[in-house]
Trainee: 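I have a structure here, written as structure tokens, and I will follow up with some questions on it.
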Amino acid sequence: MRTETPITIRLEDYRPSDHLIGTVALAVSLHPSATRVRAELTLRPNPAGRPGAPLVLDGDDLTLTGLALDGVPLPAEAYVATPTGLTLANPPAGPFTLTIETVVDPTANTKLMGLYRSNGVYCTQCEADGFRRITYFLDRPDVMAVYTTRIEADRDEAPVLLGNGNPVEAGAAGPGRHYAIWHDPHPKPAYLFALVGGRLDHVRRDFTTSEGRTVELAVYVESGKADRAGYALEAIARSMAWDETAFGRAYDLDVFNVVAVSDFNMGAMENKGLNIFNDRYVLASPETATDSDYAAIEAIIAHEYFHNWTGNRITCRDWFQLCLKEGLTVFRDQEFSSDMRSRAVHRIGEVRTLRARQFPEDAGPLAHPVRPRAYTEINNFYTATVYEKGAEIVRMLRTLLGETAFRAGMDRYFTDNDGTAATVEDFLAALAATSGRDLDAFARWYERPGTPRVAVQGHYDAQARSYRLDFRQSLAGAPDGPPLVIPISLGLVGPDGPLAGATAERVRDGVFVLDRASDAVTFTDVPVPPVPSLLRGFSAPVRLDMDVSDADRLTLLRHDSDSFNRWQAAQAVAMRLLVQGTRSGAVPETAATAFRDALGAFLDAEALADPAFAALVLALPSEADVANEIGAEIDPDAIHHARHALRRQLGAGLAERLRGLRDALADAPGTPFSPDAAAAGRRALRNAALDLIAAADPEAASAEATAQMADATTMTDRLAALAVLAQVPGEAREAALERFAASFRSEPLVLDKWLAIQAGIPEPETPERIRRLQAHPTFSASNPNRVRALIGSFSMGNPTQFNRPDGAGYRLVVETILALDRTNPQIAARLLTAFGSWRMLEPKRRGQAQAALTEIRSVAGLSRDVGDILERTLAGS
Ligand code: B3K
Ligand code: ZN
């Protein structure tokens, strides 16, 4: 039973705003429970809008305390003010100034949207629609204005006051109070507004741009944590330098500030000149952060910085264009990380994420186009589809156009759209104009939900020494739709390596473009029956169906020139074994032995040369990957058992080699810590080896893990050891968990890892354990990181216990969702997406999931956020 009737917003209904805002002068007087906001807006009718239209400003939970037009207080009959809007039925026909006074309560703001307090620090989050929780406004991205912000606060409570743009002046403001004025010369939409006030320490450095501007970079963190901010600071400088070289984009203000706060709904936010971050993506030290944390910090710092051009200088006309800034910026941060680290290893990571998060979304009830056509709650559309599939679309464009034409098209996009609120069409037009290519058919990628399938068959003609590949594309739910344009990077491999002499007319620079429902390619000069290496580098976000023998796949693992496909070959062999093992209850013995031998040979030949890559090859598809592959009537226990059986077999057969690698890769005592990709790769392989050894010999591995925990100098090694111990029930595990918690008592970000490991234990006692942890003094249900670590890790990372046939896993998560929906609906809605694949389950679990969802539906007063995900998840049932 829902109380709020959701309004559907549609792309086709877009029309320009009836009014525009030139400048915004904000005066914000910070107070814990009664912050006063005075907003002076210069408004004018939009020539592109409806003449004489009323002025309708957005609000959310606002209290109006004053209103004046051109300096004269407005009589009550001239406007209507409610918590959700401010309307002037007859605004002036020419330019005018509106002065709006509101009062907001940052301490009571548990939604973490608008102005709120996190651990005593005042901060803001305005995307997508949080600015309307600060003042009444035309809160839409195509209304761009120049902001000046005066922030006033108690000097004791908030000695640091930060705003968008450049600092202008600061000084005393009466007894105990002080102020700072910030001016941002770049017009921006309200969602990019930010301010911060608090007791913060910082680290800083200068960066000189290619245009000769000296920029002061600073990272602000809660008092006492500045020694963990250095890595993020250097990552900003690397991002700035990279964007200049890779895209010709230089920074455009005199300061660039990053602030880390501990209560934040997502990863970070690209506010102009003042990025606000979840502190888990800023704070790093070898003792508290893993190698993955370092990599994520570098990537997210880069992502938010790159938004300065793709998102801020050029923003979105409306929220349907979200992928224009998000997909493009993810592509840019992926390229940056690939350049900073190992390109091959990074690409595998990107595809793993895409398959783990986006493919299931595309296959379930929450599927939507990369550019959705309708929404009721936009905050529910910051999805893997918009971000990750959006990035794949940009990657395909680069593949199709080639590096040079793509870069020229990007330059054109920046020149033509700078300072505007743009659309996907504007982006494609720039790429089409410089490349001379018609991208109309390609644009279907933005409109069509679902993961396309490409079925392939190969035919070798010994006499003609030719090899033909027949392709057929299809998209579930749209069998007769026009075809997509799918770039397929490919080559042929023989028993001893790539068949370089084989060529095909329609394959240019190693790419065949499949733009019809079915098509074929013929290679000539093929001396032996080849093994095709298709979709190299994962050149398109599709599922490839081809009947390839394990032997041929293992040839690719040995000989392909494309690292991604070498990894993919090993994954595909493992996947086949796991699917068969799940279906029949036993992993096929002979095939598993052949796989083990191939892995052994691979490790002998290459593990020491590229440990990071070897660690990825050793990591079997996850239980969720197997579930997605099977796609129907899923029994998570059967998958778990099959995967465990295969791991045990591999671990037993490779144990000696794995131990050898662990010894060979150990750091000599006294080796200084480095978070770089090479050092992280060595740690990754050492720990992957331990994990596999543990599958076969838990006792011995527990002892090794206990020793590793005691000796570890990095969080990576300590946590990997704890994760191994957590899989083995008994005293040693509980003692290790206790010790870990005691050592990091006052480190919430480290305790999140401890919570996540326990939430992932695949044992029936886990829900009970989670309830105990919820009552632990360090747990806080109002902190999104804690909730994600405990409940998110359980629902997304513990398939056997979340999907228990008795429904206890679902009940635990539903309880959390319902409690959280009253305080922070965005996080509640995000947790609910864990039910996205419920229809794929076998009947018993499916019934339990449906019952759990139906229970949520029976609750009165659900938020729009949860209501939207719930209704879409249940639709059709
Ligand atoms: N643009 C923000 C995400 C805002 C989410 C609003 N619900 C972070 C990012 O993608 O860079
Ligand atoms: Zn982003």
Side-chain angles (χ1 to χ4, degrees), residues 60 109 111-114 116 123-133 139-141 164 188-194 232 235-236 239 243 258-261 263-278 280-282 296-316 318-337 353 357-358 370 372 375-391 394 421 784 788 824-833 863-866 868-869:
D60 179 7
N109 185 352
K111 290 185 178 175
L112 314 185
M113 283 288 281
Y116 66 95
C123 62
T124 54
Q125 170 56 34
C126 292
E127 187 175 0
D129 45 14
F131 192 69
R132 64 184 67 179
R133 292 168 59 78
D139 194 1
R140 43 186 290 167
N164 302 109
K188 64 167 176 287
Y191 82 84
L192 291 173
F193 170 83
I236 303 173
S239 307
D243 213 14
V258 163
V259 181
V261 298
D263 301 86
F264 206 66
N265 278 350
M266 60 264 171
M269 178 65 211
E270 69 263 26
N271 318 298
K272 182 79 185 189
L274 178 56
N275 289 187
I276 299 182
F277 270 63
N278 184 326
R280 72 173 291 205
Y281 296 117
V282 170
I297 290 168
E298 183 177 59
I300 296 177
I301 287 275
H303 179 96
E304 305 311 331
Y305 173 70
F306 296 155
H307 268 314
N308 191 54
W309 273 95
T310 48
N312 302 4
R313 289 285 286 252
I314 304 177
T315 193
C316 301
D318 53 67
W319 292 120
F320 297 103
Q321 320 295 329
L322 192 54
C323 65
L324 178 67
K325 76 178 178 80
E326 295 304 349
L328 178 54
T329 304
V330 170
F331 170 76
R332 277 152 54 68
D333 83 56
Q334 290 175 343
E335 285 301 289
F336 166 77
S337 293
T353 307
R357 298 187 44 223
Q358 200 277 327
V370 170
Y375 62 78
T376 57
E377 174 48 64
I378 188 56
N379 288 306
N380 285 338
F381 280 85
Y382 289 74
T383 59
T385 297
V386 168
Y387 278 65
E388 265 75 36
K389 191 173 178 183
V394 179
R788 277 186 286 251
N824 191 335
Q826 261 183 46
I827 300 293
R830 190 49 76 116
L831 284 182
L832 184 55
T833 61
S863 67
R864 186 168 66 211
D865 309 61
V866 161
D868 168 44
I869 299 284

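One-based numbering, in listed order, for ligands and for the atoms of each.
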Trainee: Taking the six-membered ring for Trp, are F320 and Y375 closer than 6.0 Å centroid to centroid?
Mentor: yes
Trainee: Can any side-chain N or O of S337 pair as donor or acceptor with the backbone N or O of Q334 at less than 3.5 Å?
Mentor: no
Trainee: Can you check whether A190's main-chain N or O pairs, donor with acceptor, with D139's side chain at less than 3.5 Å?
Mentor: no
Trainee: Suppose I only count heavy atoms of E270 and a 4.0 Å limit; which atoms of ligand 1 are within that range?
Mentor: 1 (N), 2 (C), 8 (C), 9 (C), 11 (O)
Trainee: Is the shortest side-chain heavy-atom distance between M266 and Y281 below 4.5 Å?
Mentor: no
Trainee: Show which atoms of ligand 1 fall inside a sub-4.0 Å distance from at least one heavy-atom site of M269.
Mentor: 1 (N), 2 (C)
Trainee: Between R133 and D60, does at least one N-O distance fall below 4.0 Å, as a salt bridge requires?
Mentor: yes
Trainee: Can you name the N, O or S atom of H307 that is closest to the Zn ion (ligand 2)?
Mentor: NE2
Trainee: Among all protein heavy atoms, pick the one closest to atom 3 (C) of ligand 1 and tell me residue, atom and distance.
Mentor: Y387 OH, 3.5 Å
Trainee: With heavy atoms of M266 as the reference, note each atom of ligand 1 found under 4.0 Å away.
Mentor: 4 (C), 5 (C)
Trainee: Measure the distance from atom 6 (C) of ligand 1 to every protein heavy atom, then report the residue, atom name and distance (to 0.1 Å) of the closest one.
Mentor: E127 O, 3.3 Å
Trainee: Can you tell me the protein heavy atom closest to atom 7 (N) of ligand 1 and the distance?
Mentor: N379 OD1, 2.8 Å
Trainee: Distance to 0.1 Å, residue and atom name: give those for the protein heavy atom nearest to atom 8 (C) of ligand 1.
Mentor: A268 O, 3.0 Å
Trainee: Would Q125 count as a polar contact of ligand 1, with the cut-off being nitrogen or oxygen pairs under 3.5 Å?
Mentor: no
Trainee: Under a 4.5 Å cut-off applied to non-hydrogen side-chain atoms, are Y305 and R332 in contact?
Mentor: no
Trainee: Which is the closest N/O/S atom of E326 when seen from the Zn ion (ligand 2)?
Mentor: OE1
Trainee: Quick test: of every protein heavy atom, which one is nearest to atom 11 (O) of ligand 1, and how far off is it to 0.1 Å?
Mentor: E304 OE1, 2.7 Å
Trainee: Can a donor-acceptor pair be found between the side chains of D865 and N379 at a distance below 3.5 Å?
Mentor: no
Trainee: Can you name the atoms of ligand 1, numbered from 1 with element, that are less than 4.0 Å from a heavy atom of H307?
Mentor: 9 (C), 10 (O), 11 (O)
Trainee: Please work out whether the ring planes of H303 and Y387 are parallel, tilted or perpendicular, with thresholds of 30° and 60°.
Mentor: parallel
Trainee: At a 4.0 Å threshold, what atoms of ligand 1 neighbour a non-hydrogen atom of K325?
Mentor: 1 (N)
Trainee: Please examine the side chains of I301 and S239, heavy atoms only from C-beta on, and report whether any two atoms are closer than 4.5 Å.
Mentor: yes
